[in-house]
Visitor: 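Sharing a structure, written as structure tokens. Questions coming.
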Amino acid sequence: MKYWLVKSEPEIFSINDLEKSKNKTTCWDGVRNYQARNYMRDEMKIGDPVLFYHSNCEVPAVVGVCEVVKEGYPDFTAFDPKDVHYDPKSKKEEPTWVMADIKLVKKFSKPVTLNEIKSKRSLCKIPLVQMGNRLSVMPVGKEEYEEIISMSLL
DNA sequence: GCCAACGTTGGC
DNA sequence: GCCAACGTTGGC
């Protein structure tokens with residue numbers, strides 16, 4: 001089992017939007033980065049825990065936990081010319097882009113802010129705080145995952 | 001295959 | 001809104 005962190009801009013899709021979604025589940029579409037795609041295609045498995053992170057907003061923070069409920073499958077938004085994520089290079093017979101479905105497990109009563117994460121020595125190695133990391137899907141170590149969970153309970 | 005220009009992300 | 005850090009593109 002692997003642990004993950006996904007980023008979303010709350011202005012576009014927040015954890016509250018996820019909570020309101022059918023079955024509290026959403027497809028993680030629109031990822032147009034090869035490394036992030038490879039993670040979803042090759043390594044994300046059903047049942048993997050996923051931290052949900054709000055980026056590019058007033059208080060960047062991990063705001064809840066999800067789990068993977070559907071493993072990598074073609075991102076159909078790439079086939080739709082009207083979709084903002086349309087990619088003419090992705091063919092139905094040979095999709096370039098892949099997504100997974102995630103379901104909300106728990107919204108943190110207390111979000112774990114980027115500041116708090118940065119202030120922990122034990123968390124200084126997670127990809128999120130390493131400079132210039134702009135991946136929207138990234139792996140997190142088990143210990144780091146558990147540390148963030150425990151920080152949300154304080 | 002190099003590399004400059006450009007676009008995007010995201011913290012601040 | 002600024003800017004640093006990347007990823008991508010395209011000329012050569």
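Every chain is numbered from 1, with letters handed out A, B, ... down the list of sequences.
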Visitor: Write down the atom of Val98(A), the atom of Gly72(A), and the distance for their closest heavy-atom approach.
Guide: CG1-CA, 3.5 Å

Visitor: Using a 6.0 Å cut-off, check whether atom NZ of Lys110(A) has over 12 heavy atoms from anything other than its own residue.
Guide: yes

Visitor: Using a strict 4.0 Å threshold on nitrogen-to-oxygen distance, state whether Asp75(A) and Arg37(A) make a salt bridge.
Guide: no

Visitor: Which residue, Gln35(A) or Asn56(A), contacts DNA chain C at a nucleotide closer to its 5' end, judged by nearest heavy atom?
Guide: Asn56(A)

Visitor: side-chain hydrogen bond (donor to acceptor under 3.5 Å, both in side chains): which pairs involve residues 40-49 of chain A, sequence neighbours left out?
Guide: Lys2(A)-Glu43(A), Trp4(A)-Asp48(A), Asn38(A)-Arg41(A)

Visitor: Using the side chain to side chain donor-acceptor pair (under 3.5 Å) rule, pick out the option among Thr77(A), Thr96(A), Asp87(A) that qualifies with Arg32(A).
Guide: Thr77(A)

Visitor: Which parts of residues 58-66 of chain A get close to DNA chain B, meaning a heavy atom less than 4.0 angstrom away?
Guide: Pro60(A)

Visitor: I would like to know whether Phe108(A) and Val62(A) meet side-chain contact (heavy atoms from CB on, under 4.5 Å); could you show each step before the answer?
Guide: CA-CA 8 Å; Phe108(A) 289 166; Val62(A) 177; 3.6 Å; yes

Visitor: Where do Glu146(A) and Lys142(A) land on the salt bridge (charged side-chain N to carboxylate O under 4.0 Å, His left out) test, with the steps shown first?
Guide: CA-CA 6 Å; Glu146(A) 282 164 2; Lys142(A) 183 175 194 291; 3.0 Å; yes

Visitor: With heavy atoms of chain A within less than 4.0 Å as the criterion, where does contact along DNA chain B begin and end?
Guide: dG7(B) to dC12(B)

Visitor: Go through the side-chain N and O atoms of Lys107(A) and Asn16(A) and say whether any donor and acceptor fall under 3.5 Å apart.
Guide: yes

